[in-house]
Structures are given as C-alpha cells and as structure tokens.
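Working notes, structure below.
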Amino acid sequence: MSSLNSPPTGTLHALHDRWPQAKSVDDFRANLAAVHARIAAACQRAGRDPAGVRLLPVSKTKPEDTLRLAYAAGCRMLGENKPQEAHRKWEGMRDLTDLQWSVIGHLQTNKAKLVAQCASEFQALDSLRVAEALDRRLQAEGRALDVFVQVNTSDEDSKYGLPPAEVAAFLRELPAFSAQRVKGLMTLAMFSAEAERVRACFVQLRELRDRLRNDLPSGLTLDQLSMGMSGDFEIAIEEGATVVRVGQAIFGARATPDSHYWPGGAQEEA
Ligand SMILES: *Cc1c(COP(=O)(O)O)cnc(C)c1O
C-alpha cells in the first residue's frame, strides 16, 4: 500500500500505514499504553529501569483540538519542531496551565524570543549565537530553560547539530549563559532501513557523552540522552536513551514529509 503522501519506501520512517490517526481520548490512551509497553520491553532487553526513560510526545502539524485529546489522555509536555508553531499552540492552550512545551527543532536567533516565552525545554541548541540570543530573551522574561545540545551523529549535511568533535569546546562556553540548564545531548539518527547503521548513531552519542563526562565544566552533569523517534526508539533505548521523542506512533502519521523538517533527510538511504 502507498499513497501520494508516503515518503520513499525503504526507510524505517516510511511505514505510515502502521500509524492510524488518533481521534479520541481512548485512541491516545491506547497508543500511549502501546508505546510505554514497547519502552518497557526494550528496557527489559537492555537491563534498564523503564523509569529512566521519559516519553516526549511530539505533536507537530496536529491541530489544537487533537492536542487537547492527548492532554486529556495524560500528556503534560508536548514536543514541537518549529518555534512559531510551538508559540502559537502555547498561546491557544494557556488555559491548560500544567501543560509544558519542548521545542525540538532548529532555532534561528530572530525566533529566540518565541522559545524564551513558551518553552520549558529546548533540545536543539547547536550554536553560541543561539545560546546568547536565548539567554538575553530568557533574562528579559525572567525565565529559565532546560537545554540539550544537538549533535550530528549521522554526518549528513541535511541534519542540524554540532559535529561531535566540536561539542567539548561548546560545552565549556555554556556556563556563561545562566538562564539555560544543560541537561544532556540530543541527536537524530540516520534515516536508514539498516538497523545497525541507525544503532551506530546512537552508540556514537552515548560514547561521546561518556568521554565528555571525564572533563565537564562544574555544575554540568550531562545525564540525559535524547534519541529515538517512532521508527527507531527501541534501538535508542537499548543504547542508553533517557528521552525518546515520539510523534507518529502516538498521534498518527503526518501528511508533511520529514524533508520539511530536515531538508533532504528522508530522501535517500534505500
Ligand atoms: C518530528 C520529530 C520527532 C518525532 O518523529 P516521529 O516520526 O513522529 O516519531 C522526533 N524528533 C524531532 C526533532 C522531530 O522533529
């Protein structure tokens, strides 16, 4: 089966027929339970405690009505890729006072104010210019933000994130930005049907974190590893993920191709 909206076949992320649209609170309850069960099974294989893995539901492209169903099913933090979309939804849903927002996509300095206003967490920090702009805006808002440093582990130009070799020097600069609390590292794996190539990206992030831990600026622990999406979160958990960012397996397939979020990213790798 295929449709006009399907990305090229042959990627783990292309199996859209697996992900029907969630249209009721019960659909969300069922999908969340199924993902939690898969997280628990992956943890068991890896000898890990499931309490050490946080599920971040990713709601990008879905309308507010749908996000409210997810909230009713228990979601209290939602991930959005685009700062404008996160800010728009935050404004429209401020009545849900305990709902928090995690921005997981690339940020340009001219959008830093949006993230400083609406987000509790930002997972795609990858430049000092953005760290500076964010800190200025956060100070002005009187807010603080949990941040993850995004690393490019797939060596694809289409993916955002710092090259692994630049992360140590980058981390040394971050204590200067006092409104940002550095929690860990984030990555997107290569889009490939070959599980071992995907796994290699996750292994690389974990090993980088372990090396960096030997020489961290004081106050920084780098405990968290955000890695794994609908198509690959079980592999990520086996390799040490503490946060998995799952959209389609909870909300249903997206019409928007992934190339909209990381140009070129979902195109190759047959
Ligand atoms: C959309 C997105 C995800 C989730 O992808 P799914 O295939 O919907 O699970 C994870 N991380 C980032 C950065 C994203 O933009």
Side-chain angles (χ1 to χ4, degrees), residues 5-9 11-22 28 31-32 34-36 38-39 42 53-63 66-67 70 75 77-86 89 101-107 111 115 119 121-126 130 147-154 156 158-162 183-193 198 201-202 205 224-237 241-267 269:
N5 285 329
S6 297
T9 50
T11 77
L12 288 174
H13 300 265
L15 304 172
H16 276 197
D17 297 335
R18 256 209 223 152
W19 296 314
Q21 299 306 313
F28 275 104
N31 290 351
L32 288 163
V35 171
H36 278 298
R38 288 168 57 191
I39 289 173
V53 180
R54 167 162 64 102
L55 172 60
L56 174 63
V58 175
S59 50
K60 70 191 186 201
T61 78
K62 304 296 179 186
T66 304
L67 274 56
C75 298
M77 186 185 259
L78 295 173
E80 286 286 338
N81 184 292
K82 305 263 186 205
Q84 302 98 309
E85 185 176 346
K89 289 174 172 174
W101 299 91
S102 177
V103 173
I104 60 178
H106 185 66
L107 178 61
K111 307 269 166 43
V115 172
E121 181 175 271
F122 173 54
Q123 293 206 1
L125 186 62
D126 64 358
V130 166
V147 299
F148 290 64
V149 174
Q150 184 172 353
V151 182
N152 184 341
T153 53
S154 61
E156 294 168 302
S158 58
K159 299 282 198 328
Y160 296 111
L162 286 169
K183 296 292 173 181
L185 305 179
M186 178 274 221
T187 202
L188 285 161
M190 172 181 287
F191 292 105
S192 171
V198 172
C201 296
F202 298 143
L205 194 72
Q224 306 289 320
L225 291 178
S226 175
M227 53 190 199
M229 313 175 21
S230 291
D232 58 22
F233 71 83
E234 285 142 311
I235 301 173
I237 288 169
T242 66
V243 181
V244 291
R245 310 175 308 268
V246 179
Q248 298 179 94
I250 295 171
F251 283 82
R254 277 184 304 276
T256 322
D258 283 341
S259 54
H260 180 64
Y261 296 95
W262 33 91
Q267 305 300 319
E269 297 308 322

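Indexing begins at 1, ligand by ligand and atom by atom, following the structure's order.
- Residues meeting the ring-ring contact (aromatic ring centres under 6.0 Å, His included) test with F28, sequence neighbours left out: F251.
- In this structure, the side chains of V53 and F233 stay at 4.5 Å or more apart for every pair of heavy atoms.
- Considering backbone and side-chain atoms alike, Y261 places every N or O at 3.5 Å or more from each N or O of ligand 1.
- In this structure, C75 and L32 have side chains that are in contact, with non-hydrogen atoms separated by less than 4.5 Å.
- S102 and E121 share a side-chain donor-acceptor pair at under 3.5 Å.
- The ligand atoms of ligand 1 that sit less than 4.0 angstrom from a heavy atom of M229 are 3 (C), 4 (C), 5 (O), 7 (O), 9 (O), 10 (C), 11 (N).
- Between R254 and ligand 1 there is a heavy-atom distance shorter than 4.0 Å.
- Taking any N or O of L188, backbone or side chain, none lies under 3.5 Å from an N or O belonging to ligand 1.
- Contacts of N81 with ligand 1, taken as heavy-atom pairs under 4.0 Å, involve the side chain alone.
- Shown here are the salt bridge (Lys or Arg N to Asp or Glu O under 4.0 Å) partners of K89, two or more places apart in sequence or in another chain: E80, E85.
- No option in Q150, Q123, R54 other than Q123 meets the side-chain hydrogen bond (donor to acceptor under 3.5 Å, both in side chains) test with S226.
- Each of the following atoms of ligand 1 lies closer than 4.0 Å to a heavy atom of K60: 1 (C), 2 (C), 3 (C), 14 (C), 15 (O).
- Counting atoms of ligand 1 from 1 in the listed order, those under 4.0 Å from a heavy atom of V246 are 9 (O).
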